[in-house]
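To keep things clear, I will list the structure first and then write my remarks on it.
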Amino acid sequence: MQKTLVLADDVSHRLCDSSNVVVRVSAPFIDGAQIATHLPLLGEKGTDFLLETIEAYYQTLA
């Protein structure tokens, strides 16, 4: 798949090429620890983080 927004774990992330926008959202974490300034994922901060990610993804399609 190319030019796709992927909500992934590290295994799925490794399967995506550089044209994709990947957000690591679940275990397993192979490439280091999960460090997220937007936690909790739900709520205002989490929603804002996801909306910004989706907006950045749309910009890659333009």
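Note that this is a predicted model, so its numbers are computed, not measured.
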Check your understanding: Is the shortest distance from a Lys or Arg side-chain nitrogen in D10 or R24 to a carboxylate oxygen in the other one below 4.0 Å?
Key -> yes
Point to revise | Close side-chain approach of Y57 and N20, heavy atoms under 4.5 Å | key: no
Exercise for review: Ignoring hydrogens and angles, tell me if any N or O in the side chain of D9 forms a donor-acceptor pair with the backbone of V11 under 3.5 Å.
Suggested key: yes
Practice item. Determine whether K3 and T60 make a side-chain contact, defined as any pair of heavy atoms from C-beta on separated by less than 4.5 Å. Key: no
Practice item. For residues H13 and V6, determine if any side-chain heavy atom of one lies less than 4.5 Å from a side-chain heavy atom of the other. Key: no
Point to revise | Value rounded to 0.5 Å, distance of CG in L61 from OG in S19 | key: 10.0 Å
Review point. Is V21 close to T53 at the side-chain level, that is, under 4.5 Å between some pair of heavy atoms?
Key: yes
Review point. When you look at Y58 and L5, which way does the side chain to side chain contact (heavy atoms under 4.5 Å, CB included) test go after all the steps?
Key: CA-CA 9 Å; Y58 286 148; L5 175 62; over 6 Å; no
